[in-house]
Amino acid sequence: MNVVESSAQQQLDEAQALLERLQHPTERAAARLRQAELLNDLGRRGEALAACGRLLEEFAGRPEADVVVPCCQALRLLAHMLRQLHRPADALTTLDRLIAAHGQRAEPEVREHIANALFQRTWLIDEPEARCAACDFMSEMLDAQADAARDAWRVEARLLKAEIEHHRGLPQDALATLEAAIERFDGSSDPGVVLRVARARLASVLNLRELAQHTQAQVMCLAVADQIEAGLADAAPELRLEGVRALTLFFDGLGPDEQARRAELVGWLLERYGHDASTQVRRMAVVRAYDWVVGLREHDDAAAALAACERLLGTFAGDGDAVVQRTVASARLNQGFVLLERLGRPEDALAVYEDLMARLEDADAPQLRDTLSKATAGRLTCLRRLRRVVDAEELSADVRDAVREQVKQGRKHGDAGEPHEAIALFDEVLAAHAASPHAELRRQCARALAHKAFCLIALERFSEVIAAADTMDACYGADAATAMQEQVALCLQYKSTALDRLGRPEDEMRVHDEIVARWGDSDLPELRGRVAGALFRKGMALRQAGQLKAAVGCYDEVIGRTAVAREGTLQLWAAKSMINKAKALEKLGDTAGQAKAYRVLMARFGDSGDAALRERVANAGEWLAEAEGRQGRTEAQRAALEDTLGRFGTAMSPEQRTRMTRELQALKAKALGRKAKEAFDRVVRRKA
């Protein structure tokens, strides 16, 4: 018997001895509940079930609230144990018994148990239609008494019903449920209710979009944002975060041709929340604005990227939060990159890099030191560019624009799933200009060749992909220009994909190693992304081959190389590597190492506004809870579930949310007797 079991057994013996002496109903009820809890903790389920039965038999008819509360706790504990014994029908019957016996009581502490039981029973029902009915029953029971303290539970019941309806493919019904909840509770001043009403409105947005009512969805987003802004000074931080989410949903609802409105919206976000009193809100706002900058840069909209960067810097340059300042430094670094590589303005880029170096000269944080080294490298590149002899060859604007447009149209065909049409355009460009020595035409030919390789993968013409990559390397591999190196690295990535599809793992890994060897020391985000991707894919190949320790080494290298990265692409590679590392450690039997990998992921990306990162953090939270449970760390398991559901519950799939909520309810049931234990301990001290 270990120390924990010994302590529980000692307490159990004390409870049994005390029960023989106690006469007062309140004290006896608390002691009996504590006895049942201890038996359950010791794994003696049969005896624990019997103890709950004795408590209910002895006190079920007594009206005193101090006795009713332990009876409620005993019924909930009984339901929990029955569920663990794979008897969900009996668990549901037990909760119904609790609701039937005490559902009409008015005491706040009893009403809280009723609300919890009503909510818990919805998760014991698997069939969606029946679960919707359970949500309606919960609403009816809570509505039967006009206690405003339960309003948050009332809205929660309707939110859950709407979520079930949404995932059943009934957006119209879900919308009606949400609209009814909004209409009823919109005037509440309770912070918890106000928060849930805002979430109901944002849930309505998803259903409106399902019904192709995009205009109404956009109006709803703005309504939430406007309402929160109207009381922004008094709004809780959680509500202000919903304001940021509302603007983000509105942003996502804009069409690809509405770039001006997207830019306006990010400006609106910065104006509303860029100087928020909550550091968490400001961090979300600056990350969203930074993601917009990076997105514009990656889509070659250099002028817009520069304007967005300047707006971000104007808002957050003086922010005192260290996390915000790290993002600001990354934004300045991107400003220099856009000026140098996208707009060809080395003089302006030089000024940005030198200013950033001066600001970070005394920085101690690893991320800021990394940013400083990149700024230093950027400054040297600017100086080299300024000394370079300008290409004297004349290139007419008509030829330049025609080639650019042809490559652009080819890319559009490729994105639209029309690879044959795209390849025809790329081949025309290559046939006409592949031999040209002019830098701009060489750049466009390299782009055409890379896009062609992508289309060939879609057509599963893998041997041609390899030939295209080899041609790219032969023609442009020695070109030191950043744009050319990016295209060469991209083509090598496509080559590794083709080799994987052809079942040539050894050749594939050699390509991964080549990418790391050639660009592993680069400070450019795009090339760093290619290196991280190559290491990640090599880790996957090693993991599939059963070489788990070598795979973990690859994932660790990705994590180390991206430790202070702010670019979304690099962060996503880091998150994927942490997850794959955890899975490999699980197979190696290192449960503690697995849990640590998940905790690192959640700590690093838990506040990210990026949807892909948030999805992976939510998954990591569930897997962390499982890992903690396997180690017997119940409190850590419960904390992981509560944290993950609290931050990401509404964004999860219904299946994942159901799994996690059920597990959390099971863990909470073990802690139901906390108040009873306190009462019991007081009795023990008094009787000693």
Side-chain angles (χ1 to χ4, degrees), residues 1-22 24-60 62 64-87 90-91 94-95 97-98 101-102 109-110 112-114 116-117 120 124 628-629 632-639 641-642 662-688:
M1 181 180 294
N2 60 36
V3 175
V4 174
E5 290 175 342
S6 176
S7 175
Q9 183 61 53
Q10 182 180 353
Q11 293 182 55
L12 181 61
D13 293 341
E14 291 174 353
Q16 185 62 44
L18 198 58
L19 271 170
E20 296 175 0
R21 303 197 306 270
L22 292 174
H24 194 279
T26 301
E27 295 175 345
R28 284 186 60 80
R32 283 220 179 272
L33 178 63
R34 184 59 183 154
Q35 180 188 40
E37 289 178 325
L38 290 167
L39 287 166
N40 181 52
D41 290 343
L42 288 167
R44 294 155 63 177
R45 291 272 168 72
E47 295 175 70
L49 291 170
C52 286
R54 287 193 296 272
L55 186 156
L56 295 169
E57 182 180 354
E58 183 175 354
F59 301 107
R62 299 195 67 95
E64 300 95 325
D66 289 343
V67 175
V68 170
V69 169
C71 288
C72 291
Q73 291 174 298
L75 284 165
R76 289 181 62 197
L77 176 60
L78 185 60
H80 163 68
M81 290 189 291
L82 289 168
R83 190 187 70 80
Q84 287 192 321
L85 292 169
H86 306 291
R87 296 165 56 185
D90 292 337
T94 302
L95 292 174
R97 176 183 172 186
L98 164 59
H102 307 295
E109 57 272 28
V110 178
E112 188 67 21
H113 281 294
I114 296 299
N116 269 286
Q120 187 177 353
L124 288 170
E628 297 286 20
R633 292 162 46 87
T634 306
E635 288 302 318
Q637 182 183 11
R638 176 177 173 178
L641 289 168
E642 287 179 336
R662 283 180 174 175
E663 186 60 33
L664 181 59
Q665 291 289 347
L667 292 173
K668 284 184 175 180
K670 293 183 178 180
L672 285 177
R674 185 170 55 249
K675 291 184 179 179
K677 180 181 182 302
E678 293 172 357
F680 173 72
D681 289 343
R682 287 196 297 271
V683 172
V684 171
R685 288 194 295 271
R686 189 164 62 248
K687 298 294 181 180

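- Across His113 and Arg76, no two heavy atoms sit closer than the pair ND1-NH1, 3.1 Å.
- Closest approach of Phe59 to Pro25, counting heavy atoms only: CE2-O, 3.7 Å.
- With values rounded to the nearest 0.5 angstrom, Arg638 atom CZ is found 15.5 Å from Arg633 atom CZ.
- Separating the NE2 atom in His80 from the CD atom in Gln73 is a distance of 14.0 Å, to the nearest 0.5 Å.
- In this structure, OG1 on Thr94 lies 7.0 Å from CG on Leu75, to the nearest 0.5 angstrom.
- Residues passing the side-chain contact (heavy atoms from CB on, under 4.5 Å) test with Ala91 are Ala79, Leu82, Arg83, Leu124, sequence neighbours excluded.
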Show the atom names and distances, to 0.1 Å, of all donor-acceptor pairs under 3.5 Å that link a side chain in residues 47-55 to residues at least two apart or in another chain.
residue	atom	partner	partner atom	Å
Glu47	OE1	Arg44	NH2	2.9
Glu47	OE2	Arg44	NE	2.9

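- Here CD of Gln665 is found 4.5 Å from CD of Gln120. Values are rounded to the nearest 0.5 Å.
- To the nearest 0.5 Å, atoms CD (Glu663) and CD (Gln637) are separated by 5.0 Å.
- Taking all atoms of both residues into account, the shortest heavy-atom contact from Leu98 to Ile114 is O-CD1, 4.0 Å.
- Arg62 approaches Val67 most closely through the heavy-atom pair CB-CG1, 4.1 Å.
- Annotation for Cys71 and Leu56: closest pair O-CD2, 3.8 Å, computed over non-hydrogen atoms.
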